[in-house]
Asker: 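Can you keep this structure in mind? I'll have questions shortly.
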Amino acid sequence: FSGNLAPEGAVLRASGLADRWLNYSAPATVFDSESECVNAVMSKKVKKGDLLVVRYCGPKGSPGMPYLCALRNALMQKGLEEQVAVITDGRMLISGRTAVFEHVSPEAAAGSTFSILQTGDWVSWNLEQKNITARLTDTEIKVRLSRWRERTLEIRNSFLSRYSKYSSSSSLGATLS
């Protein structure tokens with residue numbers, strides 16, 4: 001998939017996907033970490049049909065790019081696994097019946113449309129056309145990007161710190177350059 005939300009691409013496991021997720025449009029609920037999203041799920045702030053955007057989980061934003069297992073477990077525990085859609089610059093294993101876009105590239109930590117998406121912004125995708133877009137004009141994107149600032153990570157592990165600084169995009173294999 002590609003589009004203004006993922007110019008370098010995003011991955012969707014389409015096999016077995018429920019029909020309601022083939023073409024979808026909804027306002028995004030944006031989280032800047034897996035733990036923020038998990039807290040919202042566990043406190044019942046997430047409901048059926050929600051579109052969850054979980055960013056800063058990619059190679060630079062969350063060095064090592066761990067699976068979003070806590071989020072998967074929270075969604076399963078609350079019976080929402082097949083009831084919500086997830087878009088992340090990280091990676092996530094979940095049932096093939098729900099829409100999970102992974103490896104959004106460029107990731108949020110790189111300064112991209114994904115970085116400046118806000119709660120309430122509408123996101124749409126079309127399986128047949130393989131596109132995923134935020135309903136933002138080019139001007140809105142440019143203005144928001146001009147205000148965006150890189151996040152400072154406190155990483156104690158020297159390898160992960162180096163990985164965060166020098167890793168390539170997910171679309172290029174998230175390798176050290």
Side-chain angles (χ1 to χ4, degrees), residues 1-15 17 21-38 40-41 46 50-72 75 84-96 98-138 140-142 144-145 147-151 153 163-175 177:
F1 280 73
S2 64
N4 72 353
L5 193 58
E8 294 176 9
V11 176
L12 170 70
R13 291 184 182 104
S15 177
L17 195 62
W21 300 120
L22 299 180
N23 299 299
Y24 197 71
S25 186
T29 304
V30 179
F31 302 95
D32 284 341
S33 69
E34 179 187 26
S35 60
E36 276 185 22
C37 189
V38 168
V41 170
V46 173
D50 279 356
L51 172 56
L52 310 177
V53 171
V54 188
R55 59 188 180 192
Y56 295 102
C57 299
K60 291 180 182 297
S62 183
M65 205 166 48
Y67 283 101
L68 303 181
C69 295
L71 177 55
R72 180 197 67 214
L75 291 172
V84 299
V86 178
I87 303 174
T88 182
D89 49 6
R91 55 187 179 162
M92 184 175 183
L93 289 173
I94 199 160
S95 160
T98 194
V100 177
F101 286 88
E102 308 172 278
H103 307 292
V104 169
S105 294
E107 67 177 287
S112 64
T113 306
F114 201 59
S115 316
I116 51 98
L117 197 66
Q118 298 172 0
T119 293
D121 288 343
W122 281 78
V123 174
S124 305
W125 63 81
N126 181 302
L127 183 70
E128 195 172 286
Q129 296 174 3
K130 293 190 179 3
N131 67 16
I132 182 166
T133 57
R135 286 192 203 161
L136 298 171
T137 65
D138 290 343
E140 286 174 303
I141 292 170
K142 286 178 186 174
R144 288 187 192 183
L145 281 172
R147 296 179 185 148
W148 178 81
R149 298 293 171 256
E150 188 174 350
R151 292 174 29 150
L153 293 175
Y163 185 82
S164 175
K165 188 173 181 179
Y166 297 111
S167 66
S168 65
S169 171
S170 292
S171 64
L172 299 173
T175 58
S177 54

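All heavy atoms count here, side chains included; hydrogens, waters and symmetry mates do not. Please read these numbers as outputs of a predicted model, since none were measured by experiment.
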Asker: Minimum heavy-atom separation for P27 to G120, with atom names?
Answerer: CB-O, 3.8 Å
Asker: Report the relative orientation of the aromatic rings in F1 and F101; use parallel for angles under 30°, tilted for 30 to 60°, perpendicular for over 60°.
Answerer: perpendicular
Asker: State the NE2-CD distance between H103 and E8, to the nearest 0.5 angstrom.
Answerer: 13.5 Å
Asker: Would you mind reporting whether L5 and V123 have side-chain heavy atoms less than 4.5 Å apart?
Answerer: yes
Asker: If you measure from OG1 on T29 to CG on L52, what distance do you get to the nearest 0.5 Å?
Answerer: 6.0 Å
Asker: Using only heavy-atom distances, determine whether the side chains of R144 and T113 contain a donor-acceptor pair under 3.5 Å.
Answerer: no
Asker: For V30, is there any backbone N or O sitting under 3.5 Å from a side-chain donor or acceptor partner on T119?
Answerer: yes
Asker: Is a side-chain donor or acceptor of E102 paired with a backbone partner of M92 at a separation under 3.5 angstrom?
Answerer: yes
Asker: Which pair of heavy atoms, one from W148 and one from A108, lies closest together, and at what distance?
Answerer: CZ2-O, 3.4 Å
Asker: Supply the atom-to-atom distance N126 CG to Y24 OH, rounded to the nearest 0.5 angstrom.
Answerer: 15.0 Å
Asker: Determine whether a donor-acceptor pair (N or O, by modelled atom type, separation under 3.5 Å) exists between the side chain of T88 and the backbone of R91.
Answerer: no
Asker: For A14 versus L127, what's the shortest heavy-atom pair and its separation?
Answerer: CB-CD1, 3.8 Å
Asker: Is any side-chain heavy atom of P106 closer than 4.5 Å to one of F114?
Answerer: no
Asker: At their closest point, which heavy atom of V104 faces which heavy atom of A6, and how far apart are they?
Answerer: CG1-CB, 3.9 Å
Asker: Any side-chain to backbone donor/acceptor pair from E34 onto A70? Under 3.5 Å, distance only.
Answerer: yes
Asker: Nearest 0.5 Å please: distance from the OG atom of S112 over to the CG atom of L117.
Answerer: 9.5 Å
Asker: Of all the heavy-atom pairs spanning A134 and N4, show the shortest one and how long it is.
Answerer: N-OD1, 2.7 Å
Asker: Between Q129 and N131, does any side-chain donor sit less than 3.5 Å from a side-chain acceptor?
Answerer: yes
Asker: Looking only at heavy atoms, which two atoms of L145 and G111 are closest? And how far apart?
Answerer: CD2-C, 4.1 Å
Asker: Distance from R55 atom CZ to D89 atom CG, nearest 0.5 Å?
Answerer: 9.0 Å
Asker: Does I116 reach the side chain of D121, with side-chain heavy atoms less than 4.5 Å apart?
Answerer: no
Asker: Is the closest side-chain heavy-atom distance between L75 and V41 below 4.5 Å?
Answerer: yes
Asker: Between F31 and V38, is any pair of side-chain heavy atoms under 4.5 Å apart?
Answerer: no
Asker: If you measure from CH2 on W125 to CG on L12, what distance do you get to the nearest 0.5 Å?
Answerer: 8.0 Å
Asker: Please tell me if the side chains of R135 and S124 come closer than 4.5 Å, counting only heavy atoms from C-beta onward.
Answerer: yes
Asker: Would you say the side chain of C57 lies within less than 4.5 Å of the side chain of L68, judging by non-hydrogen atoms?
Answerer: yes
